Amino acid sequence: MMMLSSKNERLNKVIAASGLCSRRKADELIAQGVVKVNGVKITEQGFKVPNPLSDTIEVNGRALRVQQTIRTVAFYKPAGVITTRNDELGRKTIYDVLPEELHHLDPAGRLDRKTAGLIFLSNDGDFLYQMTHPKYSLPKVYRVRLNVPPANSDALAAKLLEGVFFEEEQKWAKAEEVFQILPDTYGVTLVTGMNRQVRRMFEVLGFDVINLKRVSIGSFVLSGLQPGEWRDVKFAEMKSLLKAKPQKLKAPQKESSEKNLPKAVPDRS
Ligand code: URA
């Protein structure tokens, strides 16, 4: 957890603390002249907000809700819930699982409905930006269970590493690392985040993914949590997860949680 001082805090930091955007993006907004503090337009980089928690800060005419405590949590998203604030079809979302005290946090990226595993939520605009922007290319490791064990595991791994073509985007999608855990189960590391990338890569190669779980992001490993559980991420963990290499899954890994998916969450796909 990081705290915002209650006096004289840099304007870009205060804007980022509202979760609106990163500090760098806030600098751009300030330069564009769309930021007001207590009704006065501010274009000076490095401007200090006298009372960040009580002064009125507006961006493009919209008042920000600045919070003193910048908070980031790691959440074990259960399968069957959607990574969104409101689902237009009224389906269950991550906020139906998370306690109200965390409802002001936004997810850093998304996992599709059927996919379980690690996702961060934060109100730190800098962190959300770094976690989702392609230029940071954080490695993400997935545990993937297939409908059938492949006849030729080496050939499958080679194709995933080489890349498969996604007709829809007219783009190649590739895995950074592939390792077999069990005859029908793989660990796959991605540094790109195309829509449903893991499932679609295997689909192109003729397999159905019957269980998908994200087990790590950067150096941060999902351990000690059960589906639906969360914990605060320390500031030092946040810093190091952006730098460190991912940790490899041990093979074979016992998966108690996979057998234990929450029954309260029906899979309606
Ligand atoms: N790949 C998928 O197929 N789904 C996810 O949620 C994430 C990666």
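In listed order, ligands and their atoms are each counted from 1. Quantities reported herein were computed from a predicted structural model and do not represent experimental measurements. Along the sequence shown, the residues carry numbers beginning at 1.
- For L212, every heavy-atom contact with ligand 1 shorter than 4.0 Å involves the side chain, none the backbone.
- Side chain to side chain, Y186 and S153 meet the donor-acceptor criterion of an N or O pair below 3.5 Å.
- Remark: ligand 1 and V198 share an N or O pair separated by less than 3.5 Å (distance only, no angle test).
- Of all atoms in ligand 1, listed by their number and element, those nearer than 4.0 Å to a heavy atom of R199 are 3 (O).
- Y136 belongs to a hydrophobic cluster whose other members, connected by ILVMFWY side-chain contacts under 4.5 Å either directly or through intermediates, are Y129.
- With respect to R91 and D87, a salt bridge is recorded, a charged nitrogen being found less than 4.0 Å from a carboxylate O.
- Of all protein heavy atoms, the one lying nearest to atom 4 (N) of ligand 1 is D112 OD2, 2.6 Å.
- For T115, every heavy-atom contact with ligand 1 shorter than 4.0 Å involves the side chain, none the backbone.
- The distance from ligand 1 to the heavy atoms of Q197 drops below 4.0 Å at these ligand atoms: 1 (N), 2 (C), 3 (O).
- Distances between N or O atoms of R200 and those of ligand 1 include no value under 3.5 Å.
- With hydrogens and angles disregarded, a donor-acceptor distance shorter than 3.5 Å links the side chain of K77 to the backbone of T115.
- Within ligand 1, the atoms closer than 4.0 Å to a non-hydrogen atom of R196 are 1 (N), 2 (C), 3 (O), 4 (N), numbered from 1 in the order shown.
- A distance-only check finds a donor-acceptor pair linking the side chain of N147 to the backbone of D208 [under 3.5 Å].
- Annotation: the span from T83 atom OG1 to I94 atom CD1 amounts to 5.5 Å, rounded to 0.5 Å.
- Taking every heavy atom of Y142 and a limit of under 4.0 angstrom, the matching atoms of ligand 1 come to 7 (C), 8 (C).
- Look at E176 and K174 and you find a salt bridge, because one of the NZ, NE, NH1 or NH2 atoms lies within 4.0 Å of a carboxylate O, short of that distance.
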